[in-house]
Student: 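This is the structure I want to talk about, given as structure tokens.
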Amino acid sequence: MPEPQPNPTARQIWMGVLARCRPDRLAALMPDLAAHVVLRPAEVGAVMVRGRVGAVGSPFNLGEMSVTRCSVRLDDGAVGHGYVQGRDKGHARRAAVLDALMQTTQAPDLQATVLDVLIAEEAAGRQARAEKAASTRVEFFTLVRGEDK
Amino acid sequence: MYVAVKGGERAIDNAHAFLAEERRGDVSVPELSVDQIREQLKLAVNRVMAEGSLFDPDLAALAIKQARGDLIEAVFLIRAYRTTLPRLGASKPIDTSAMACVRRISATFKDAPGGQVLGPTFDYTHRLLDFKLLAEGEAPQAARAPAMPAAVPHIADFLNRDGLIEQDTANDTTPPDLTREPMELPASRALRLQAITRGDEGFILSMAYSTQRGYGRTHAFVGELRIGTVPVEMDIPELGFAIQIGEIEVTECETVNQFKGSKTEPPQFTRGYGLVFGQSERKAIAMSLVDRALRWKELGEDNSGAPAQDEEFVLMHADNIQATGFLEHIKLPHYVDFQAELEMVRHLRAEATREAAE
């Protein structure tokens, strides 16, 4: 069976949100980048995505996905890492800066103005798809058959 | 004697310019954008991602545009691009039981918990051309209904409870990777699944169809077919913990196959498995049939000599880039090879004529 997911930490949650969000949306919510030093320049790469045989058995290689990563350090020493889906280097750098800022006193403010907005938008998108899928659920009914009378 | 020849450069440059003009087509028609391809030719994008073996819808859409809609050429472009990317790591195995499903059906259990959810399917359409699409219309709107719980259990779990179906057990061995080491036969099931999921849809479809027609029959039912998104998680060394690095759409198919038992296994249902990038249900179903057919040895079944049971035949011919590379290279200049052939045929003819005269 797949290993149970332990409750994610706050940092795991925000890094996941930043990985999945659209680059232009993040840029719109956080247009200015705080002063920082780039520790590892943004790099586009591939991650091999694995599945499991029969959904639960041995791992196998399904195929790769594009991922971009970047690491930065703020002037106050906070180090941030960005790992984002796709090939947008600006996205990875912005995610790294936000990851670093979330370790500072600015965290509550950024949580409200950036992350909570992204989380709400993602949830709304998921909810919309789930509702459309639910509308296609089959409601079986049984016809009365002649010989049963 | 080998004579080197040069002189095609101008012709090649001009051929590429001609290709570019043809790609654009009639300039009085608006140019197709990559965004339009990604959003409106999504199933073509999915196929290029699956066979290109790289999940990136923007790149797949670009490849389709560049390849003028030739999907194998587009797959070729993606395969070439992915070789330039450094490998940042491997994900944890995705958990498809946590899939946010837009489609989930079972052909074996009508009342499966979680229900039969049809999703955006071509099934039950009449396959009549819709001439309304010739005109630009308003954006269609899907109906809505209260959403069901996010995670839907796998249907195989229900058969597991009665011990009627073979069990897969989890382990965390590192799977072989045919993009890193040449494929070795006999292949493990993990290696076979990697080769099939990136294999040509048409080839996998025909192999699967051949098993249904009797060449290595496996009596497959679609136990479950599901399409939806799953998060992808990876351990990040510099962090010391795993994070989600994105979300992908996949199609998963599990077949339930009749199995009368063998020398080594009791009568029970056996399973075939298909997992493919994107909404690719024909491929996922075909993959699970071919997976099951290739499992004859481990289940102690007879080899009937069917092509779909022949691991080497299936795995070495499934890749359309290898296939098209070898096939299409014969159109490139073979002047010297052919000159040798010509010499040999002339020689043989001369001999045969002389012998006939004697």
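In what follows, every heavy atom counts, from backbone to side chain, and hydrogens, waters and symmetry copies are set aside. Chain letters run A, B, ... following the sequence lines, proteins first, then strands; residues in each count from 1.
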Student: Counting heavy-atom pairs closer than 4.5 Å to chain B, which one of A:Ala128, A:Gly63, A:Ser135 comes out on top?
Tutor: A:Ser135
Student: Please state whether the side chain, the backbone, both or neither of B:Leu178 comes within less than 4.5 Å of a heavy atom of chain A.
Tutor: neither
Student: Crowded around B:Phe269 CZ? As in, over 12 foreign heavy atoms under 6.0 Å?
Tutor: no
Student: Among the options A:Gly16, A:Gly45, A:Ser71, pick out the one with the most heavy-atom pairs lying under 4.5 Å from chain B.
Tutor: A:Gly45
Student: Does some side-chain heavy atom of B:Asp177 sit less than 4.5 Å from a side-chain heavy atom of A:Met48?
Tutor: yes
Student: How close do B:Ile245 and A:Met65 get, heavy atom to heavy atom, and via which atoms?
Tutor: O-CE, 3.7 Å
Student: Against chain B, label A:Val84 side chain, backbone, both or neither, depending on which of its atoms sit under 4.5 Å from a heavy atom there.
Tutor: backbone
Student: Considering only heavy atoms and a distance below 4.5 Å, find which of A:Ala133, A:Ala46, A:Ser58, A:Ala130 pairs most often with chain B.
Tutor: A:Ala46
Student: Is the backbone N or O of B:Gly114 less than 3.5 Å from a side-chain atom of A:Arg137, with the two atoms forming a donor-acceptor pair by type?
Tutor: yes
Student: Heavy-atom pairs under 4.5 Å with chain A are the metric here; pick the option from B:Ala50, B:Ser53, B:Ala190 that has the most.
Tutor: B:Ser53
Student: Between B:Val232 and chain A, with a heavy-atom cut-off of 4.5 Å, which part of the residue counts as in contact: side chain, backbone, both or neither?
Tutor: side chain
Student: Return the option, out of B:Ala142, B:Ala143, B:Gly274, with the maximum number of heavy-atom pairs under 4.5 Å with chain A.
Tutor: B:Ala143
Student: How close do A:Ala55 and B:Glu252 get, heavy atom to heavy atom, and via which atoms?
Tutor: CB-OE2, 3.3 Å
Student: Test A:Thr136 against B:Thr121 for side-chain contact (heavy atoms from CB on, under 4.5 Å), laying out the working first.
Tutor: CA-CA 10 Å; A:Thr136 68; B:Thr121 180; over 6 Å; no
Student: Testing the basics here: between A:Ala19 and B:Gln244, what is the closest heavy-atom pair and its distance to 0.1 Å?
Tutor: CB-O, 3.3 Å
Student: Decide yes or no for A:Arg11 and B:Leu239: does some side-chain heavy atom of the first lie under 4.5 Å from some side-chain heavy atom of the second?
Tutor: yes
Student: Counting only non-hydrogen atoms closer than 4.5 Å, does B:Phe55 touch chain A with its backbone (N, CA, C, O), its side chain (CB onward), both, or neither?
Tutor: both
Student: Examine whether an atom of B:Thr197 lies under 4.5 Å from a heavy atom of chain A, and if so say whether it belongs to the side chain, the backbone or both; otherwise answer neither.
Tutor: side chain
Student: Roughly how far apart are A:Glu64 CD and B:Arg82 CZ, rounded to 0.5 Å?
Tutor: 4.0 Å
Student: Can you measure from CZ (A:Arg52) to CG (B:Leu275) and round to the nearest 0.5 angstrom?
Tutor: 12.5 Å
Student: Where do B:Tyr81 and A:Arg87 come nearest, in terms of heavy atoms and distance?
Tutor: OH-CD, 3.3 Å
Student: Based on non-hydrogen pairs under 4.5 Å, which of A:Val138, A:Val67, A:Val53 is most in contact with chain B?
Tutor: A:Val53
Student: Determine the option with the most heavy-atom pairs under 4.5 angstrom with chain A, choosing from B:Leu59, B:Asp58, B:Leu191.
Tutor: B:Leu59
Student: Taking all atoms of both residues into account, what is the closest heavy-atom pair of B:Pro146 and A:Ala134, and its distance?
Tutor: O-CB, 3.2 Å
Student: Closest approach of A:Val49 and B:Ser91, non-hydrogen atoms and distance?
Tutor: CA-OG, 3.4 Å
Student: Does B:Gln194 use its side chain to pair, donor to acceptor, with the backbone of A:Phe60 at less than 3.5 Å?
Tutor: no
Student: State whether the side chain of A:Asn61 and the backbone N or O of B:Pro176 hold a donor-acceptor pair below 3.5 Å, judged by distance alone.
Tutor: yes
Student: Would a 4.5 Å heavy-atom cut-off, applied to side chains only, mark B:Thr173 and A:Pro59 as touching?
Tutor: yes
Student: Tell me whether B:Glu181 at atom CD has more than 12 heavy atoms from other residues, nucleotides or ligands lying less than 6.0 Å away.
Tutor: yes
Student: What's the separation between atom CD1 in B:Ile243 and atom CD in A:Gln12, rounded to the nearest 0.5 Å?
Tutor: 8.5 Å
Student: Return yes when atom CZ of A:Phe140 has more than 12 non-hydrogen atoms of other residues, nucleotides or ligands closer than 6.0 Å, and no otherwise.
Tutor: yes
Student: For B:Cys101, is there any backbone N or O sitting under 3.5 Å from a side-chain donor or acceptor partner on A:Arg129?
Tutor: no
Student: For the candidates B:Leu88, B:Ile196, B:Val117, which exhibits the highest count of non-hydrogen atom pairs separated by less than 4.5 Å from chain A?
Tutor: B:Leu88
